[in-house]
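For reference, the structure is listed below as structure tokens.
Per chain, numbering begins at 1; letters A, B, ... match sequence-line order. What you are looking at is a predicted structure, and each value in this text was computed from that prediction instead of being measured.
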Amino acid sequence: MSDTGPQHELSARYDPTGIESSIYVRWLDRRAFHVAAEDAVDPYVIAIPPPNVTAALHMGHGLNNTIQDVLIRFERMRARDAVWIPGTDHAGIATQNVVERDLATEGLSRHDLGREGFVERVWSWVEQYGSTIIEQLKTIGCSCDWDRTRFTLDDGLSRAVREVFVRLYEKGLIYRGNYIINWCPRCRTALSNEEAEHRETGGRLYHIRYPLADRDGEHVVVATTRPETMLGDTAVAVHPEDERNRHLVGHEVELPLVGRRIPIIADEYVDPEFGSGFVKVTPAHDPNDFEIGLRHDLPRIDVMNDDATMNAQVPEPYRGLDRLEAREKVVRDLESLHLLSAIEDHAHAVGHCYRCDTVVEPRLSLQWFVRMKPLAEPALEAYREGRLRFHPERFGNVYEHWMTNVRDWCISRQLWWGHRIPVWYCRECGEVLVSRVDLTECTACGGAVDQDPDVLDTWFSSWLWPFSTLGWPEDTPDLKTFYPTSTLSTAPEILFFWVARMVMAGMEFVGELPFTDVLLHGTVRDAQGRRMSKSLGNGIDPLQVVGLFGADAMRYTLVSAAALGTDLQLDHEDLESSFRVGRNFANKIWNAVRFALGHVTLLDVEADPGTTPLELADRWILSRFSVTAADVTRSLDRFRLHEAAEASYQFVWGEFCDWYLELVKTRLKGDRGEDSRRAAAATLTTVLDGWLLLLHPIMPFITEELACHLPGRTDDDTLLRGPWPAPPVEWQDVEAEQRMEAVRELVGTVRNLRSDYGIDPGRRLEVVMARPSSAVAAALDAETEGVLRLGRLSSIRRVDTTPAGEPGAHAVLKAGAELFLPLTGVVDIERERSRIGEEIVRVEGLLTGTRARLGNPRFMEGAPAEVVQRERDKERSLEERYALLVEKRSAFGPG
RNA sequence: GGGGCCUUAGCUCAGCUGGCUAGAGCGCUACGUUGACAUCGUAGAGGUCACUGGUUCGAGUCCAGUAGGCCCCACCA
């Protein structure tokens, strides 16, 4: 589309509509994101945190996947074999919930379909909607290797899951047992500790009298936040050294409402200082009580059904009541029996199901567990030895703490959607068979077998993701080439759920860390600082943002707003203000290139660069570009994406557009001769091409679109493979930077004075200059025309000393020069005197500070030579300015 | 109960290993249609870097404490 006169095709406003999708298709057509193991020499690999297959893209995904895409594109441009492995997670509970809700609208439950029918139904749901989020990732530009898309429940990954289960079982690291687990009465399944979210809740502490069974009229008082569990009490405990109460050990109390006689026992767990020193013991509904129960061989009475209604273990009046109803009734009944001695407010942390937010019930239950300690050790060691790094670093502490105190992992779930537990129980001999292949009969006695009905925790497949996606347990070429992966980027919320467990799995099953660097990004919040969520309705749909402003605008905004590990705020009620930065920047880029394209031709670019001498502005912009490229590279290397974004922005807008383009405009028209024109055109194109590359990881679409319009490039060109800009160090040019600094200060000062005195912007002024430093003089010689044009000056008159007593404005440049702007009839002497006076005070202050430092012997000894030198230079230039300013002021005569 | 983080311009935030005459974007004020861009340009106002001490020649940056906010972990009922 760009062979001739491309400038005519670019509109004045950047409109990403259509451009982005067609570019994306072009990339796909070339299979540009695919890398085969055989071809990979220097792999850089990211395994995507697989979004739930039920998910629709939200801003959190938008941010995380933009970050990953930036890194992948950056490395790909650096000629590494960058592979980004995409996929989705079957998300056991979440997906089952979605399909069950679906069924409910037809008046059906999963039980109506039966297990097989239900699972089929979920699969068809997945087939229909499962690729939604994958498609959405393409919309925001993600350059995943789509040929490698995986699903945690597909055949290969299922095989990995089963292999892992069997291995751990054989190693004695998986066991089945009756323990207190977190039970979600709504999902009717066990949860892991991590899946129970503890939240501070305002509750009550009830003090209940338990009458002593053998001493009439006497009682002990226990305190509880959950009176309904008393129905399952099997003991009352005191601390063995509790002077007040230990004489009661061995006695019994009669459990109110139930009538059961239960013993008073002594156990270290009890805090004698708390309350009355007595604790009710409910081994089936509290983890501590469970432990006490073990030590004292107490009966465990589970008083609830799966849905947290009271079961047949409780007295008739309470049966069938929900636990909260039961609580109220228990309290009422105790009250009427005068057994409630007090109720006080009491805040405590209550667990909630991370999927449905129902209050979790600690409950005794037969489940499968993974012994974590042995897995944690190598994972901890890897971190301590510095082989595993977190960004920001502080998350290392969090990881270490969790790893050190890791508890066993409850992995069985009472769901239908997921990896079925590969365990069979023999009906005949009771043998427990754990197998890599499905069994139909007992391997011991040949009897009929039943497979465990439960499925595995979703995370039991996710924790294998970095290698299961590469073909493990087969020793595939992919696994050999692409494992370990390089960087993992994710949200801190799943540090334990996923990141820590992946590290353990990688070490255990492949013998190597799954990745070396873990990037934890912040949370996307709304204008009030609240987390974006469906229930609050304060989310922003990335696709809507893409539709309005383009993916690049969104990506730039997100990256620039998300400093490493910090949260970012966006306003869901004002998308424009939220994404304005990126949108405006994209527009700026568009127009800068549009302008340039109107002035450069293929001939300019092909000309031998040695034949046309570069001018000051050319040398300067090359130098600035060189520095910027180095900064951006360094920032990306250190995962400081926002710094890379900001550095590019400052360069493109603040230096390239504001100064270079402005200075070069006349030259491009040929006003300063053909050599000058050509030098400008060649430099312009070189630098433009360079910064388009620099921005490509963050803004892939617009840069790709514009680059192919540049002379020397065609539609077949792509920025995907870079090469990543690595400007020669020779481009860095201290002299040019100093001189351009003088140009900018000169122009800036003139503009400032004009503005201060309200000079008509159209009026051309003459400026008088005296005593320019060599830098200023050289700068002026090189760029007179530019200075005149940008300062709207008619001429610069050089004199030995600026006029005293004439009406006009004085200034002294840092770069070294006196300026005088003759302003007959405009300048008010008093105002000018006070303006200079203020400047004198300011400079004097700086000078005092600098002199104090230089006069301090300890500074002179202690500070590095470089710092001392800088202070000396500063002192000298401040002294000169000071002297000149004082002289100017005195020219006004005594104030 | 432990651990961590934050507090810098009106707003949202940068500021990495101490050298800062403290930055950006937005907002605000004034001026401006100088043919890339009004999704723009030029200039400007605006900060005792939460507070108190300490270390240091030098602290927004390091240390301790105080106040306020946030987060994570935790079996004291």
Side-chain angles (χ1 to χ4, degrees), chain A residues 7 10 12-14 180 198 205 222-226 237 269-271 273-275 278-282 286-291 346 348-349 362 392 394-395 397-398 401-402 405 492-493 495-496 523 527 529 549 553 560-561 563-571 576-578 580-581 583-599 635 638 640 642-643 646 649-650 654 657-658 661-662 665 747-748 751-756 758-762 789-790 792 814 842-843 845-846 849-850 852-853 856-864 866-868 870-871 874 878:
Chain A
Q7 65 273 21
L10 302 186
R13 279 190 184 190
Y14 173 52
I180 300 281
H198 288 267
L205 191 60
V222 299
T224 181
T225 53
R226 307 201 46 207
Y269 165 75
V270 183
D271 176 0
E273 306 298 316
F274 189 91
F278 291 96
V279 174
K280 63 188 273 303
V281 183
T282 323
D286 182 283
N288 298 305
D289 294 6
F290 176 80
E291 294 295 325
H346 183 76
H348 62 137
R394 72 187 125 92
F395 285 106
N397 298 331
V398 182
H401 182 259
W402 184 83
N405 300 292
E493 295 97 274
L495 190 58
F496 309 138
T523 306
F549 314 118
S560 68
L564 195 57
T566 64
D567 293 351
L568 59 151
Q569 292 203 346
L570 297 170
D571 188 345
E576 183 184 316
S577 90
S578 296
R580 185 179 289 147
V581 182
R583 182 200 60 175
N584 291 359
F585 188 37
N587 190 246
K588 189 73 179 177
I589 291 168
W590 182 261
N591 275 291
V593 176
R594 193 164 72 98
F595 169 76
L597 289 177
H599 296 276
S635 297
R638 300 169 69 211
R640 305 178 78 95
H642 91 278
E643 286 180 3
E646 216 162 273
Y649 184 99
Q650 283 310 330
C657 292
D658 288 351
L661 283 188
E662 290 305 329
K665 275 177 178 170
V747 171
R751 284 169 169 173
N752 181 327
L753 293 175
R754 296 182 66 110
S755 170
D756 259 12
I759 312 295
D760 173 7
R789 180 159 45 87
L790 298 185
R792 306 243 69 190
K814 274 192 254 184
R842 207 179 68 86
V843 171
L846 294 172
T850 304
R853 237 158 289 159
N856 183 339
R858 285 189 295 181
F859 170 78
M860 300 305 283
E861 287 160 30
E866 172 198 323
V867 173
V868 174
R870 209 180 311 150
E871 285 301 310
K874 206 199 291 180
L878 285 172

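- Base contact: D271(A) has a heavy atom under 4.0 Å from a base atom.
- Within the 4.0 angstrom heavy-atom criterion, base atoms lie near R842(A).
- Of the candidates C26(B), A36(B), U39(B), A36(B) carries the atom nearest the R594(A) side chain, counting heavy atoms from C-beta on.
- Checked against G19(B), A74(B), A36(B), the side chain of A349(A) finds its nearest nucleotide in A74(B).
- Mapping E646(A) and L878(A) onto RNA chain B by nearest heavy atom places E646(A) closer to the 5' end of the strand.
- Rounding to whole angstrom units, CZ of residue R754(A) and P of U34(B) are separated by 15 Å.
- Applying the Watson-Crick and G-U wobble criteria (two distances, each under 3.5 Å), A24(B) pairs with U12(B).
- Taking the side chain of R853(A) as heavy atoms from C-beta on, and the options U21(B), U39(B), A43(B), the nearest nucleotide is U21(B).
- When each of A14(B), G25(B), C37(B) is scored by its nearest atom to the side-chain atoms of N587(A), the top-ranked nucleotide is C37(B).
- The shortest distance between the side-chain N/O atoms of K588(A) and the OP1/OP2 oxygens of A36(B) is not below 4.0 Å.
- Nucleotides A9(B) and G25(B) place their C1' atoms 12 Å apart, quoted to the nearest Å.
- Among the heavy atoms of the strands lying under 4.0 Å from A592(A) is at least one base atom, whether or not backbone atoms are also near.
- Remark: P of U42(B) and CG of D756(A) are 17 Å apart, rounded to the nearest angstrom.
- Here C75(B) is the nucleotide among A77(B), C75(B), C72(B) with the atom lying nearest to any side-chain atom of N288(A).
- Atom CD in E662(A) sits roughly 11 Å away from atom P in C37(B) (whole-Å rounding).
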Step by step, work out the side chain to side chain contact (heavy atoms under 4.5 Å, CB included) result for L495(A) and V398(A). CA-CA 9 Å; L495(A) 190 58; V398(A) 182; 3.8 Å; yes
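- Under the Watson-Crick and G-U wobble criteria, each requiring two contacts below 3.5 Å, nucleotide A30(B) is paired to U42(B).
- Below 30°, between 30° and 60°, or above 60°: for H346(A) and F274(A) the angle between ring planes is above 60°, a perpendicular geometry.
- Comparing C73(B), C31(B), G25(B) by their closest approach to the side chain of P761(A) singles out C31(B).
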